[in-house]
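Report on the following structure.
Because the structure is predicted, anything quoted here is derived from the model rather than measured. When a ligand or atom number is given, it counts from 1 through the structure's own listing order.
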Amino acid sequence: MSFKIACIQLAVSSDKSKNLTNAKNKILEASKNGAKIICLPECFNSLYGTNYFSQYAENIPNGESESKAYIIGGSIPEREDSTGKLYNTCTVYNPEGSMIAKHRKVHLFDIDIPGKITFKESDSLSAGNSLTHFDTKFGKIGVGICYDIRFPEMAMIAAQEGCIVMFYPGAFNMTTGPLHWELLQRARALDNQFYVATCSPARDMSATYNAWGHSTVVNPSGAVIATTDHEESIIYADIDLDEMKSIRQSIPTTLQKRYDLYTKITSITSNSN
Ligand SMILES: NC(=O)CC(=O)C(=O)O
């Protein structure tokens, strides 16, 4: 069994309604081209930057970015009225238009590479507190957002839960993109012998944050099967469950795990410098 997915590397501007119209048109195009699951980029309705999140934030549900298409809706800044908190949130819709999952970015993008890039999402955003997997008629799918891809445990759990594809809407940048973007995707795919799909905004050199682009799909063997450069584009890939099965049979690491020896992982304290 195989089915087609699409990642829409959208050009995102400061004009929210233009972003929504553009996203809708590209979703229709991808769907016409046979894509059954369509992914939008991180922050597809809003410029990416801690000073923009509040301005573009929406309540979920009931925001204007909802769509009746079958999509993994990248992410938008979400405002939770009851707490006043903002999240970086991906919503997922089935073909009937019902929201079937909501993922709040779990690992916030707080980094400081002197002379290159300093970014602190936690200045304006709160972190989500749960992992996200949802059922489709093709199989179970997992979602993380951008920086979440750096945490292998999250992908491992998705694989354990039976996910066949892990989608990461994400906006890496001109420093970490060339260094880590593809490497992380291939690592997550190979470690877990499942498909990994990433979806970035297109690059805009006049914006304050310059996305790396290079939306990509990697197969369960760690090979790149679809990718692009930094301009607006749509990439397509076939998710082939027979291929996944045969890769898992040839090198059966998924059956050879020694969980009896890995128990320490959960007890290592985080933030121990
Ligand atoms: N923007 C992110 O969340 C992550 C990123 O750019 C990186 O990990 O590098």
Side-chain angles (χ1 to χ4, degrees), residues 7-12 19 39-57 72-78 85-91 102-132 142-156 158 166-189 191 196-205 207-216 218 224 227-230 270-271:
C7 298
I8 300 175
Q9 185 162 293
L10 203 70
V12 177
N19 296 335
C39 188
L40 290 170
E42 181 177 31
C43 279
F44 78 90
N45 74 341
S46 145
L47 292 172
Y48 186 62
T50 49
N51 49 330
Y52 299 118
F53 295 143
S54 174
Q55 181 190 341
Y56 289 82
I72 297 171
S75 80
I76 62 169
E78 175 196 5
K85 287 182 177 175
L86 298 176
Y87 298 92
N88 187 340
T89 302
C90 174
T91 50
K102 180 169 110 165
H103 178 73
R104 288 172 167 168
K105 189 171 188 174
V106 167
H107 306 93
L108 294 183
F109 179 44
D110 286 359
I111 66 164
D112 183 17
I113 307 177
K116 301 275 190 191
I117 178 170
T118 301
F119 203 97
K120 203 154 181 240
E121 269 189 324
S122 63
D123 275 348
S124 55
L125 299 180
S126 299
N129 284 320
S130 55
L131 305 183
T132 305
V143 184
I145 299 176
C146 204
Y147 200 59
D148 284 337
I149 200 173
R150 291 187 180 271
F151 300 85
E153 297 84 355
M154 190 170 167
M156 271 168 54
M166 190 77 192
F167 281 88
Y168 293 98
F172 269 42
N173 50 78
M174 304 292 281
T175 301
T176 61
L179 272 177
H180 296 150
W181 176 245
E182 185 182 304
L183 176 64
L184 285 163
Q185 295 169 61
R186 297 184 64 193
R188 295 298 83 86
D191 279 353
V196 168
T198 56
C199 190
S200 169
R203 187 177 308 157
D204 173 1
M205 286 312 287
T208 50
Y209 184 93
N210 308 126
W212 173 236
H214 294 83
S215 301
T216 295
V218 180
V224 171
T227 193
T228 185
D229 208 315
H230 60 82
S270 52
N271 302 323

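- Only the side chain of Tyr209 comes within contact range of ligand 1, with a heavy atom under 4.0 Å; no backbone atom does.
- Closest approach of Phe167 and Ile72 over heavy atoms only: CD1-CD1, 3.3 Å.
- Under the 4.5 Å side-chain criterion, counting only non-hydrogen atoms from C-beta, Lys105 is not in contact with Leu125.
- Taking the six-membered ring for Trp and thresholds of 30 and 60 degrees, Trp212 and His214 have nearly parallel ring planes, at less than 30 degrees apart.
- Backbone and side-chain nitrogen or oxygen atoms of Tyr48 are examined, and one is located within less than 3.5 angstrom of a nitrogen or oxygen of ligand 1.
- Within the 4.0 Å heavy-atom criterion, neither part of Phe119 lies near ligand 1.
- When non-hydrogen atoms are compared, ligand 1 lies under 4.0 Å from the side chain of Arg150 (C-beta onward) but not from its backbone.
- The protein heavy-atom contact nearest to atom 4 (C) of ligand 1 is Cys146 SG, 3.3 Å.
- Nearest protein neighbour of atom 9 (O) of ligand 1, counting heavy atoms only, is Thr176 OG1, 2.6 Å.
- Taking atom 5 (C) of ligand 1 as the reference point, the nearest protein heavy-atom neighbour is Phe109 CE1, 3.2 Å.
- For the residue pair Thr228 / Gln9, no side-chain donor-acceptor distance below 3.5 Å is found, with atom types taken as modelled.
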Assess whether side chain to side chain donor-acceptor pair (under 3.5 Å) is satisfied between Ser122 and Asp110, documenting all intermediate values. CA-CA 7 Å; Ser122 63; Asp110 286 359; 2.6 Å; yes
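- Ring planes of Tyr209 and Phe119: perpendicular class, angle over 60° (limits at 30 and 60°).
- Atom 3 (O) of ligand 1 has as its closest protein heavy atom Lys105 NZ, 2.7 Å.
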